[in-house]
Amino acid sequence: MEEPKRTLAYLCPKCKQTVMVERSVFRLAAAPDKLPCPCGGSALQVEMEADHVDLTVPCAYCGGEHQVRCPAHAFLHENALAFSCKATGLDCLYVGEENAVLRALRRLEEATAQLTEKPGEEKNFLNETIMTEILGELKDIAARGGISCSCGSKDYKVKILYSSVELECAQCHAKLRLPAATGEDLEDLCCRYILTIGGKGRFDGRFL
């Protein structure tokens with residue numbers, strides 16, 4: 001019987017290449033693990049506890065590292081998870097099934113390509129047209145009462161980032177980050193009638 005596996009992928013801040021590694025669930029659960037880039041310039045660190053996983057993620061966008069956490073069950077069983085740079089909103093780590101991670105990486109390449117299209121041009125958002133449309137969709141969802149938190153609250157704050165929008169529950173402070181960089185991001189939001197923020201326990205990523 002084949003061991004269940006997880007695929008993890010991040011962008012190395014040193015060489016700017018994608019680092020994609022497959023690990024068995026048993027290896028990840030056995031002990032803290034490091035997933036280094038072949039260039040030696042960075043390494044993803046994974047530490048699994050009984051009910052959650054802590055990750056130290058090198059970030060190619062801000063040059064720093066992000067400390068993120070997610071429930072162990074989601075880390076081990078969800079089709080795909082994404083974790084984002086807190087400064088730019090761009091995804092800096094994917095975890096999940098290999099094909100789902102590969103699809104997410106292709107989507108990320110589309111978003112990051114926009115960063116180099118006009119390097120001398122300063123923009124408020126990575127894609128201003130998409131951001132405008134995303135905000136319009138959020139306004140429509142909110143108008144029909146479609147935004148709430150799993151704790152039961154319907155009060156929330158909106159934070160607009162460079163390539164995403166973050167909703168934060170005013171009561172329990174759970175967060176939901178929505179990517180807002182590509183046409184696919186907009187299509188995904190248009191297909192959602194309701195948005196639910198957060199859940200029990202800390203989760204710094206989102207489901208794909």
Side-chain angles (χ1 to χ4, degrees), residues 2-49 52-72 74-123 125-127 161-164 177 179-182 184-185 202-208:
E2 187 177 357
E3 292 184 0
K5 297 177 180 178
R6 296 272 85 183
T7 296
L8 302 95
Y10 71 95
L11 190 64
C12 174
K14 181 72 173 181
C15 68
K16 306 302 182 184
Q17 298 300 308
T18 299
V19 183
M20 191 165 74
V21 181
E22 187 178 69
R23 287 284 191 270
S24 73
V25 168
F26 300 111
R27 176 172 174 176
L28 290 168
D33 201 359
K34 280 191 174 183
L35 291 71
C37 177
C39 80
S42 67
L44 171 68
Q45 299 179 52
V46 184
E47 186 168 357
M48 186 174 294
E49 303 291 344
H52 68 269
V53 181
D54 289 322
L55 304 106
T56 302
V57 187
C59 182
Y61 309 114
C62 69
E65 291 183 330
H66 300 295
Q67 308 294 326
V68 301
R69 174 175 292 184
C70 74
F75 182 87
L76 296 175
H77 300 290
E78 287 293 335
N79 187 50
L81 306 172
F83 300 88
S84 304
C85 168
K86 292 177 174 60
T88 66
L90 289 168
D91 293 340
C92 58
L93 172 66
Y94 296 117
V95 178
E97 300 293 334
E98 181 180 14
N99 288 337
V101 169
L102 286 170
R103 287 195 297 271
L105 284 172
R106 287 195 292 269
R107 184 171 172 173
L108 181 62
E109 288 172 359
E110 179 186 342
T112 53
Q114 299 177 55
L115 292 172
T116 58
E117 285 180 355
K118 296 179 181 179
E121 180 183 351
E122 292 188 7
K123 298 189 293 184
F125 307 113
L126 182 61
N127 187 319
L161 302 170
Y162 183 59
S163 62
S164 64
R177 180 168 290 185
T182 69
E184 192 171 347
D185 295 337
R202 175 180 159 193
F203 180 34
D204 296 326
R206 70 180 193 279
F207 301 102
L208 296 178

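Counting begins at 1 with the first residue of the sequence. Note that the structure is a prediction, hence the values are computed from the model and not measured.
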Donor-acceptor contact present, side-chain Y61 to main-chain D91, <3.5 Å:
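Here the side-chain-to-backbone pair exists.
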- Query: Does C12 offer a backbone N or O that forms a donor-acceptor pair with the side chain of S42 under 3.5 Å?
  - Reply: no
Heavy-atom check, side chain of R177 versus side chain of L161, under 4.5 Å: yes
* **Close side-chain approach of H66 to C85, heavy-atom, < 4.5 Å** =>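 Yes, their side chains come closer than 4.5 Å.
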Over all atoms of both residues, closest heavy-atom pair of [X] and [Y]:
X: L81; Y: C70; result: CD1-SG, 4.1 Å
X: A181; Y: N127; result: O-CB, 3.5 Å
X: V101; Y: T7; result: CG2-O, 3.7 Å
X: C92; Y: V57; result: O-CG1, 3.7 Å
X: N79; Y: A100; result: ND2-CB, 3.5 Å

_Can you list everything that forms a side-chain hydrogen bond (donor to acceptor under 3.5 Å, both in side chains) with S24? Sequence neighbours excluded, please._
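Testing S24 for side-chain hydrogen bond (donor to acceptor under 3.5 Å, both in side chains), a comparison that skips the adjacent residues, returns E3.
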Out of curiosity, [X] [atom1] to [Y] [atom2], how far, rounded to the nearest 0.5 Å?
X: C39; Y: K16; atom1: SG; atom2: NZ; result: 10.5 Å
X: T182; Y: D185; atom1: OG1; atom2: CG; result: 3.5 Å
X: Y162; Y: L90; atom1: OH; atom2: CG; result: 8.0 Å
X: C37; Y: K14; atom1: SG; atom2: NZ; result: 10.5 Å
X: D33; Y: R27; atom1: CG; atom2: CZ; result: 4.5 Å
X: H52; Y: E47; atom1: NE2; atom2: CD; result: 8.0 Å

Are E97 and R6 ion-paired here, with the side-chain N under 4.0 Å from a carboxylate O?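 Salt bridge between E97 and R6, a charged N being under 4.0 Å from a carboxylate O: yes.
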Only one of L8, L105, L35 passes side-chain contact (heavy atoms from CB on, under 4.5 Å) with M20, and that residue is L105
